[in-house]
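As the structure is a computational prediction, the values presented were derived from the model and not from experiment. Positions are given from 1, in the same order as the sequence printed here.
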Amino acid sequence: MYVFSTEWVKYQCNIVDARSLTLLSKKQQTKKEKMKERRDRWINKISSIKLAKEQQVAQAKRAAMPVVGDMRPLADALPELCQLIPSTTKTPRKASRKNRVPVKKKPEPTDFSLMKPAQKRKLLESETSRFSEAVKNLAHSKTNPLAAIGEYLRKRLKQEEEQGPS
């Protein structure tokens with residue numbers, strides 16, 4: 001036969017009472033109630049996922065939307081850049097341009113198809129002026145037009161060679 005102390009018996013009773021209290025506090029739910037609770041949790045989960053997706057789509061639309069409308073009021077409301085940046089030494093623009101190192105420009109393309117429209121126009125204007133000058137020279141020397149054209153071309157080639165190396 002086992003002999004238990006009174007303290008040990010009280011301790012065991014307290015444990016059993018605590019367990020029974022927790023079981024009793026959890027109300028016995030019917031199968032319908034459990035299914036309803038489970039369905040509610042499932043619907044909440046789906047709705048939260050759907051809401052997050054809608055928020056993502058709305059944010060993407062806002063990011064993709066270009067700024068439209070009149071920007072003039074905004075430009076008027078913003079301060080000028082010179083007001084925002086305090087400058088201790090005010091140098092005129094011409095002085096700062098004189099101190100700059102000249103930027104090397106890319107050579108202009110010689111192929112007509114690679115030229116920009118402005119370059120094409122400039123080239124055509126210069127060529128038409130040269131042609132009109134050559135025609136005037138031909139008018140002065142009516143004796144031998146082919147010799148005059150050859151002479152003009154030789155002068156032109158010499159001019160381009162002198163300009164080229166420098």
Side-chain angles (χ1 to χ4, degrees), residues 1-132 156 159-161 163-166:
M1 185 184 292
Y2 295 105
V3 178
F4 299 107
S5 68
T6 55
E7 291 175 12
W8 185 81
V9 172
K10 286 181 183 177
Y11 175 74
Q12 289 297 324
C13 288
N14 284 338
I15 291 175
V16 171
D17 286 342
R19 285 183 189 159
S20 62
L21 283 177
T22 57
L23 289 176
L24 290 176
S25 66
K26 286 187 178 179
K27 182 181 167 189
Q28 288 290 330
Q29 290 181 329
T30 62
K31 188 174 182 179
K32 254 187 188 179
E33 290 172 341
K34 288 179 186 177
M35 287 175 60
K36 186 178 180 182
E37 189 176 302
R38 185 173 172 211
R39 183 178 181 274
D40 288 341
R41 282 185 299 206
W42 184 68
I43 289 175
N44 287 340
K45 189 175 187 179
I46 289 176
S47 64
S48 66
I49 291 171
K50 190 182 272 188
L51 180 65
K53 184 77 170 173
E54 287 174 359
Q55 287 175 348
Q56 263 186 337
V57 168
Q59 184 179 3
K61 278 185 182 179
R62 284 193 304 272
M65 185 181 300
V67 178
V68 291
D70 188 16
M71 298 298 289
R72 194 87 212 122
L74 180 63
D76 292 340
L78 291 173
E80 293 293 321
L81 186 62
C82 60
Q83 293 172 350
L84 293 175
I85 301 172
S87 60
T88 55
T89 60
K90 292 188 177 185
T91 58
R93 293 182 89 180
K94 290 182 181 179
S96 63
R97 284 186 183 169
K98 287 181 184 176
N99 295 337
R100 280 192 201 156
V101 176
V103 179
K104 294 181 181 177
K105 291 185 179 180
K106 283 200 295 186
E108 292 183 3
T110 54
D111 188 9
F112 193 75
S113 62
L114 297 177
M115 290 183 177
K116 294 180 180 176
Q119 292 172 332
K120 288 178 182 179
R121 184 176 32 81
K122 194 183 231 182
L123 179 68
L124 288 175
E125 287 174 357
S126 65
E127 291 298 321
T128 53
S129 66
R130 287 182 196 153
F131 181 74
S132 62
R156 187 73 194 139
Q159 236 180 11
E160 287 180 4
E161 285 175 1
Q163 291 175 354
S166 58

*Hey, could you give me the CG/CD1 distance between Asn44 and Ile49, rounded to the nearest 0.5 Å?*
11.0 Å

*First locate atom CD of Glu125, then atom CG of Leu123, and finally report the distance between them rounded to the nearest 0.5 Å.*
10.0 Å

*Rounded distance (nearest 0.5 Å) linking atom CD1 of Ile43 with atom OG of Ser48*: 12.0 Å

_Results of side-chain hydrogen bond (donor to acceptor under 3.5 Å, both in side chains) for Ser113 - residues two or more places apart only_ = Asp111

Review item, side-chain donor-acceptor pairs of residues 31-42, under 3.5 Å, at least two apart:
from: Glu33; atom 1: OE1; to: Thr30; atom 2: N; distance (Å): 3.1
from: Glu37; atom 1: OE1; to: Gln29; atom 2: NE2; distance (Å): 3.2

*asked:* Applying salt bridge (charged side-chain N to carboxylate O under 4.0 Å, His left out), can you list everything that pairs with Glu127, at least two apart in sequence or on another chain?
replied: Arg130

*asked:* Could you check whether Lys50 pairs with Glu54 (Lys NZ or Arg NE/NH1/NH2 to Asp/Glu carboxylate O, under 4.0 Å)?
replied: no

*For the residue pair Gln119 and Met115, what are the closest heavy atoms and their distance?*
OE1-CA, 3.5 Å

*Looking at residues at least two apart in the chain, or sitting in another chain, which of them share a side chain to side chain contact (heavy atoms under 4.5 Å, CB included) with Gln55?*
Leu51

*Return yes when atom NZ of Lys120 has more than 12 non-hydrogen atoms of other residues, nucleotides or ligands closer than 6.0 Å, and no otherwise.*
yes

